[in-house]
Amino acid sequence: MLDKRFILENAEAVQQNCDHRGVKADVARFVELETQCRALRQEVEELSRQANQVSKSIGNAKDDAEREERKEEGRRLREEKDGKQQEIDRLDAEAGAIYRSMPNLTHPESPIGDEASSKELSRGGTEVRRFGFPVQDHVELAGQHDLVDFEGGGRIAGHGFYFLKNEAVLLELALQQFTLELLMGEGFVPTITPDLARGDIVAGVGFIPRGPETQIYSIENFDLNLVATAEITLGGLYAGEVLDADDLPIKLCGISHCFRTEAGAAGRASRGLYRVHQFTKVEMFAFTKPEESEAVHQQFRDLECRIFDALGIPYRVIDIATGDLGGPAYRKFDLEAWMPGRGEADEFGEVTSASNCTDYQARRLDIRYKTKGEKGTSYVHTLNGTAVAISRAMIAILENYQQADGTILVPDVLRRWVGKDRIGSTG
RNA sequence: GGACGGGUGGCAGAGUGGUCGAAUGCACCGGUCUUGAAAACCGGCGAUGGGCAACCAUCCGGGGGUUCGAAUCCCUCCCCGUCCGCCA
């Protein structure tokens, strides 16, 4: 959510921002409705005041007749007030629909344009490898070493589900351990979050919990949804609360399973583990003061880079263009890892994403902070970033670390937990 | 899942139809006293929206209802606690 006052005072800039982001929102209409509502609210206030006065005067009415007369007057005033209130509710519903569709403001450096305008900012420390042998993709490698059972997953839950097996299981746990250790060293509080969340939390973070285009699975007969990311649970953690400024920034990381319907994604590059309905992810999340959020956003990006540098996987960092930003994001950096199995045309695949949502989510979730000795509260800024999404990291590891003899090396930093340095036998 | 008890200002905790936005205590802020601090005493102190201000409106878990009037009565949902059941 944007600040309504800001919209009223900067309608043109807000409209331009919506246009840049490819969002159809009639800002002028919103301003008109909001202005009407404000006037009506004044009238409702005045009627409330009068009605309250009448009610208070009933106690000292001199007889029953006067009492009845004043009751009638009270009834009349409340009725008039309710009528106007309904008018407000009607206008407000229309204004609210426009309001909710407005995306966050945008960082001045974000490239303007559609997906193709996104800008590469940098490359990771690991050079793209030249293979002297035919490259296999992760599905072939996983089959060869019995690491993933797609057929089994399909049988029990449908296409897009899978069993991890053998070293893939060890790799998943190793990735979690490695990432957690690194983040805890940076002051993140580790959590394992619920995998389900109530509808209001899901919506507050910015996902649509139900309906035809939803990306979210929901539980029948319960107001519960399978989370698409721990951003939902971590962001919702302090919904409705006023945090102490001295406690900021609060940096959390959360392990959760992530469930996505991937509605409408059929046909896109989605072989194997790339686009699945369930995976595990370690997510970073921060609540900050407004002036801190840019720095924390950079930190999130740097941590993502450190993780993939440590894993020895080549990647590029992308500054996402306005047309490709989700509603809550003010600015977004993606890491795209080199996945040689994807083929010449599209060898980089998204592995992480770090967004600064400024106060957009906080306003919707009502998360504020208060500075001791100062009056009033302000909205915090929220940030989220992928530390590691296991399924995609797994693709990158399998494909980048494959050897001429068909074995797969285990990245150095994971060997402690995997307990071996190579998947498959060289003999 | 069942029974009962609860959800009120930063916290604790009164308040069961009418000057209640709400006693009291703690915390907090200002002052007196003190070399300084503590204690004691005096004063202040909820949030949001509108207004330069006086002031006004709204807010007692969420939503709905009854009433001239609701923190208070009714319905409903959510959450917390205790006990019982079930269970890894």
Side-chain angles (χ1 to χ4, degrees), chain A residues 1-9 30-31 33-93 95-96 99 192-205 209-210 218-225 227 232-233 235-248 250 257 287 289 359 362-380:
Chain A
M1 304 285 112
L2 296 175
D3 182 356
K4 282 188 181 173
R5 188 189 300 234
F6 180 87
I7 301 170
L8 294 179
E9 290 169 0
F30 172 80
V31 170
L33 289 163
E34 195 63 23
T35 308
Q36 285 176 29
C37 278
R38 295 213 162 191
L40 280 167
R41 282 197 192 97
Q42 298 263 338
E43 293 176 36
V44 165
E45 271 191 21
E46 176 58 21
L47 287 165
S48 284
R49 201 185 59 76
Q50 287 174 16
N52 287 345
Q53 227 163 34
V54 168
S55 292
K56 280 181 185 167
S57 76
I58 284 180
N60 47 43
K62 51 181 187 295
D63 54 35
D64 279 359
E66 187 176 335
R67 207 185 322 280
E68 281 310 312
E69 191 183 308
R70 290 190 186 174
K71 280 191 187 182
E72 189 49 43
E73 172 72 357
R75 266 191 284 268
R76 194 188 61 72
L77 286 165
R78 305 253 171 208
E79 224 166 87
E80 192 182 345
K81 190 195 81 171
D82 288 347
K84 291 220 194 286
Q85 185 60 52
Q86 278 173 22
E87 173 77 5
I88 290 174
D89 292 346
R90 227 185 42 241
L91 297 175
D92 208 41
Y99 182 51
I192 295 177
T193 88
D195 285 341
L196 283 81
R198 283 208 299 269
D200 58 337
I201 297 292
V202 172
V205 173
R210 308 224 176 203
S218 47
I219 308 292
E220 194 178 8
N221 298 329
F222 294 86
D223 180 26
L224 283 172
N225 310 270
V227 299
I232 292 171
T233 44
L237 186 57
Y238 297 119
E241 296 204 14
V242 178
L243 305 171
D244 189 333
D246 292 340
D247 295 335
L248 300 177
I250 296 172
H257 293 116
F287 302 89
K289 292 183 219 167
D359 59 358
R363 191 168 276 115
R364 183 145 50 181
L365 290 164
D366 189 25
I367 308 172
R368 289 167 291 160
Y369 74 98
K370 183 169 168 46
T371 308
K372 247 195 208 92
E374 284 179 23
K375 267 191 93 69
T377 56
S378 312
Y379 289 104
V380 299

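Heavy atoms only: backbone and side chains are in, while hydrogens, waters and symmetry mates are out. Reminder, nothing fancy here: chain letters follow the sequence lines and each chain counts from 1. Owing to the predicted nature of the structure, the values given are computational and were not obtained by experimental measurement.
Atom CG of A:D64 and atom C1' of B:C68 are 14 Å apart (whole Å). A:D366 places its CG atom 15 Å from the P atom of B:A47, with the value rounded to the nearest Å. Remark: P of B:G49 and CZ of A:R363 are 11 Å apart, rounded to the nearest angstrom. Here B:U48 presents its P atom at 12 Å from CZ of A:R5, a figure rounded to the nearest Å. Between A:K56 atom NZ and B:C68 atom C1' the separation is 13 Å, expressed in whole Å. Atom CG of A:D246 is separated from atom P of B:G10 by 17 Å (rounded to the nearest Å). At whole-Å resolution of the value, CD in A:E72 and P in B:G69 are 11 Å apart. Regarding A:R76, its CZ atom lies at a distance of 14 Å from the P atom of B:G69, rounded to whole Å.
Using N1 to N3 plus N6-O4 or O6-N4 for Watson-Crick, or N1-O2 and O6-N3 for G-U wobble, each under 3.5 Å, B:C41 pairs with B:G31. Nucleotide B:C73 forms a pair with B:G65, judged by Watson-Crick or G-U wobble geometry with both contacts under 3.5 Å. Pair assignment for B:C52: none, as no Watson-Crick or G-U wobble contacts are both less than 3.5 Å.
Between B:A54 and B:C68, the two P atoms lie 35 Å apart (nearest whole Å). Between the C1' atoms of B:G13 and B:C87, the separation comes to 38 Å (whole Å). Straight-line distance between the P atoms of B:A39 and B:U58: roughly 41 Å, to the nearest whole Å. Taking atom P in both B:G36 and B:A23, the straight-line distance is 35 Å, to the nearest Å. Here the separation of B:A47 from B:U8, taken at their C1' atoms, is 14 Å to the nearest Å. Taking atom C1' in both B:G6 and B:A88, the straight-line distance is 30 Å, to the nearest Å. Comparing the same atom, P, in B:C77 and in B:C26 gives a spacing of 41 Å after rounding to whole Å. With both ends at atom C1', the span from B:C20 to B:G15 equals 9 Å, rounded to whole Å.
The two residues A:R78 and A:S55 make their nearest non-hydrogen contact at NH2-OG, 3.4 Å.
Using a 4.0 Å heavy-atom cutoff across all strands shown, A:R67 reaches no nucleic acid atom at all. Using a 4.0 Å heavy-atom distance criterion, A:Q42 is classed as a sugar-phosphate-only contact.
A:Y238 places no side-chain N or O within donor-acceptor distance of the main-chain N or O of A:R368, the cut-off being under 3.5 Å. A side-chain donor-acceptor contact under 3.5 Å links A:D223 to the backbone of A:G199.
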I need a per-nucleotide contact map over nucleotides 54-61 of chain B, read 5' to 3'. Cutoff is protein heavy atoms under 4.0 Å; write B for the base, S for backbone only, - otherwise. --BSS---

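A cation-pi contact, defined as under 6.0 Å to the ring centre and within 45° of the axis, links A:K4 to A:Y99.
Listed by chain and number, the residues in a salt bridge (charged side-chain N to carboxylate O under 4.0 Å, His left out) with A:E69 amount to none (sequence neighbours excluded). Not counting sequence neighbours, the partners of A:D92 by the salt bridge (charged side-chain N to carboxylate O under 4.0 Å, His left out) test are A:R41.
Of the two residues near RNA chain B, A:R198 and A:R368, the one whose nearest nucleotide lies more 5' is A:R368.
With respect to the salt-bridge test (charged N to carboxylate O, under 4.0 angstrom), the residues A:E46 and A:R49 qualify. Contact check on A:R5 versus A:D3 returns no salt bridge, with no Lys/Arg side-chain nitrogen under 4.0 Å from an Asp/Glu carboxylate oxygen.
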